[in-house]
Amino acid sequence: MAKNLLIVESPAKAKTIEKILGSDFQVKSCFGHIRDLEKDDMGIDIGNNYQPTYIVPQDKEKIVSELKKIARSSDEVWLATDEDREGEAISWHLCEVLKLDPLLTKRIVFHEITRPAIESAVKNPRRVDMNLVQAQQARRILDRIVGFELSPVLWRKMSMKNSLSAGRVQSVAVRLIVEREREIQAFQTVASFKLEAWFSAADRQGKLISFKAIGPSRLAQVDDAEKFLQSCLGASYTVQDIQIKPSKKSPAAPFTTSTLQQEASRKLGYSVSRTMLLAQKLYESGKISYMRTDSVNLSDTAMDDICEAIRGSYGQQYIQQRRFKNKNESAQEAHEAIRPTYMADPSAGDADTRRLYELIWKRTIASQMSDAELEKTIARILISTNKEELTATGEVLKFDGFLKAYQEEEEDEDEGKGEDQKEGMLPVLTIGQVLDFKEMTATERFSRAAPRYTEASLVKKLEELGIGRPSTYAPTISTIQKRNYVEKKDREGVLRKYRILVLQGGKLTSREETELTGAEKSKLFPTDLGILVTGFLSEHFDSVMDYGFTARIEGEFDEIASGRKVWNRMIDEFYQPFHADVENTLEHAEKVSGERPLGNDPISGRPMVARMGRYGPMVQIGIANEEEKPRFAKLKANQSIETITLMEALELFRLPRMVGKFEDKDVVINIGRFGPYAQHDGTFYSLKKDMDPYTVDLSTIGPLILEKRAARENKTIRLFEAEKIQVLRGPYGPYIKQGTKNFRIPKESQDAAPNLTLEDCQAIIKKAKDNPPKRKGFRKTKKAFRDQS
DNA sequence: CAGTGAGCGAGCTTCCGCTTGACTT
């Protein structure tokens with residue numbers, strides 16, 4: 001038995017550290033937080049200075065009892081959780097659970113898993129920092145209060161039934177998307193004309209190449225553009241001035257969680273959750289350092305390793321060591337940047353994992369490489385017939401530097417960027433040279449609204465605002481989609497006409513062309529629900545919904561951490577006004593349904609509205625209390641309460657729809673809880689994605705019925721009719737169905753499913769009933785509790 | 001599980017931040 005027990009958060013780290021520390025230490029991991037606030041009564045005694053009640057969640061009981069056991073038989077327990085607010089709190093909870101005195105227990109920290117870092121940490125133990133622990137406790141309690149007081153307000157005041165939620169992070173994330181959408185809707189496109197002239201001249205080898213010069217400024221009206229081109233009729237063009245400017249580009253810092261998610265999205269098209277899943281695999285197999293980090297720092301050993309790799313792959317002249325500073329104020333820097341464990345390690349795993357590894361490898365190596373050196377040439381060209389001048393710009397790469405390994409992907413955030421930037425080489429020009437003119441064009445261009453967020457650009461924005469942490473970006477993005485506040489969608493673009501005026505061969509002509517605009521891929525759109533909930537929360541809880549709220553309270557947490565503020569006083573200052581808003585809203589706010597009048601139904605003359613119903617967005621004909629009952633119809637997936645027209649709404653009432661007879665029985669089409677379906681002979685058949693319930697006919701439904709019927713028969717492996725027992729093929733392999741209940745077949749019998757006898761099946765069912773599956777979650781539900789007693 | 005949408009009221013839901021597997025019908 002080892003004398004010392006050392007506890008870290010992550011099991012993968014535990015293994016590495018144990019190797020470094022040798023036989024004196026047994027290193028175990030606690031898998032993150034081991035206690036959390038109880039859920040009943042929020043786990044906070046509001047009237048008693050916000051005293052928290054902590055419990056060990058059910059899924060942590062096992063690890064806690066194991067740690068207790070080992071701690072008892074060890075001489076000394078060392079706490080080596082991460083060096084940030086959460087890590088400090090985990091250490092304190094470990095003290096509480098393992099009955100250690102936080103004032104006496106050794107607490108050590110390191111930011112990198114290297115032998116020198118760990119050996120020096122062990123030589124310099126400190127104690128648990130109770131101020132920091134209290135700052136974490138304040139953070140935890142505030143988040144619980146916000147979440148558990150706001151969510152119930154939504155349950156009461158919103159007109160839909162699903163389990164709505166609100167929180168400090170998720171509600172602001174949704175707000176960003178809702179407001180971006182508003183901006184885009186309100187955006188007024190402005191057209192202008194961009195001037196470009198084409199010339200040709202000889203390059204160094206004497207070969208003629210053509211190059212472009214751009215006009216002095218954009219012209220607002222087509223008349224202005226025409227006038228300008230006209231004024232250039234018969235002009236000659238002379239090089240007036242040439243400027244040569246050296247410039248350089250520097251590599252980006254190594255990856256943090258947020259920048260990795262952004263680049264993997266831009267370069268590889270991965271969702272943030274996919275990136276994190278693959279990164280986790282790489283981390284667990286020892287390929288990369290820890291993947292949830294906000295630090296751009298690299299350890300000294302890593303820097304040496306990287307320089308060695310640069311020397312080997314590119315040569316000494318490509319090395320330029322750099323230390324990057326974090327621009328982010330909210331960063332806690334408990335870990336290193338994300339980097340390969342060993343630069344010499346080749347990539348491995350499946351294609352997707354490999355691509356992510358290579359991205360990390362290249363970004364890491366580039367971060368320690370030389371600047372790229374460029375030479376920019378700017379030539380001013382005079383027009384003889386007017387006072388304007390044109391500018392031709394060329395860029396030449398003198399030394400590639402880090403660009404040899406890695407180039408950061410451009411972001412398409414701002415409008416107009418990119419178009420004028422693709423600069424190539426200019427031919428050799430001399431001052432006074434008269435250029436060979438080919439043509440001049442004025443092309444109509446349009447201003448663009450800010451782009452919709454992608455998952456990754458939303459993460460970037462949240463990080464800038466200091467909202468959320470590396471471990472929560474991906475889960476937050478999932479939550480707001482799962483709650484149906486936000487949808488990730490593609491949108492087809494529309495064709496738009498634009499004009500081009502051309503001056504060529506002494507003649508001015510004009511033509512019209514079309515381009516695709518507004519096409520979107522994997523962008524985040526707010527749903528009607530998201531819009532409605534955000535509007536409600538912003539109206540009644542503006543302080544929490546403020547983009548600066550998190551930054552402000554983080555400042556207060558810092559004051560608690562430095563001992564200048566008492567945690568429960570800070571909570572009280574927040575809680576009093578916040579709770580008053582909650583009470584006030586519960587008492588006075590109207591129920592919200594987002595109702596929007598559409599006009600009158602031309603047949604019945606009754607009023608029609610679009611609004612949020614209990615089961616989602618819908619349109620309604622008539623009013624509830626009238627003699628004739630109202631009629632209802634659900635909105636289609638791509639429609640919204642804010643934009644649906646009377647005509648579109650009337651269309652929706654064409655369901656349910658009889659499309660004819662199949663095998664002498666009626667076929668009726670409708671939309672139900674689980675989407676569009678056909679009903680035939682008492683059986684339901686879900687329509688496929690490409691089948692439109694409003695237009696589909698018997699020629700599509702007939703084959704669908706036959707196909708689903710065949711699939712159903714194919715699903716049955718064995719059938720014991722008398723006992724109502726079936727062996728069926730399911731998405732997770734074969735399973736047994738008795739009446740309406742399903743039973744899992746043990747792994748060892750799965751291959752033998754086609755040969756299972758009735759007795760085999762009954763044995764499996766009996767065994768399953770005797771050993772009910774364990775419930776997951778923090779505590780047993782009340783229902784499960786009742787059922788037991 | 002598949003024609004809901006009012007209102008009543010039982011019983012339910014809900015947060016953020018640390019960590020990984022367990023396990024699905």
Grab the [atom1]-[atom2] distance between [X] and [N] for me, whole Å please.
{"X": "D143(A)", "N": "dC18(B)", "atom1": "CG", "atom2": "C1'", "value": "13 Å"}
{"X": "L687(A)", "N": "dA2(B)", "atom1": "CG", "atom2": "C1'", "value": "12 Å"}
{"X": "E83(A)", "N": "dG17(B)", "atom1": "CD", "atom2": "C1'", "value": "18 Å"}
{"X": "L142(A)", "N": "dT14(B)", "atom1": "CG", "atom2": "C1'", "value": "15 Å"}
{"X": "K157(A)", "N": "dT14(B)", "atom1": "NZ", "atom2": "C1'", "value": "18 Å"}

Main-chain N/O of K281(A) paired to S285(A) side chain as donor or acceptor, under 3.5 Å: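 Looks like yes, one N/O pair under 3.5 Å.
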E38(A) backbone acceptor or donor facing R144(A) side chain under 3.5 Å: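 Yes; at least one donor-acceptor contact below 3.5 Å.
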With a 4.0 Å cutoff (strictly under), does any side-chain N or O of [X] reach OP1 or OP2 of [N]?
{"X": "S151(A)", "N": "dT13(B)", "value": "no"}
{"X": "Q679(A)", "N": "dG3(B)", "value": "no"}
{"X": "R168(A)", "N": "dG17(B)", "value": "yes"}

Ranges pairing with ranges for DNA chain B, where each run has three or more Watson-Crick or G-U pairs under 3.5 Å: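 So the stems come out as none.
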Strand contacts (DNA chain B) in residues 551-558 of chain A, 4.0 angstrom heavy-atom criterion: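 Within this stretch, nothing sits under 4.0 Å of the strand.
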dG17(B) and dT13(B), which share atom name P, separated by this distance in whole Å: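 The same atom, P, in both gives a distance of 22 Å.
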S330(A) and N328(A) side chains, donor-acceptor separation under 3.5 Å: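 The answer is yes; a qualifying pair exists.
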Base of dC18(B) paired with side chain of R469(A) (donor-acceptor, under 3.5 Å):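 No pair found.
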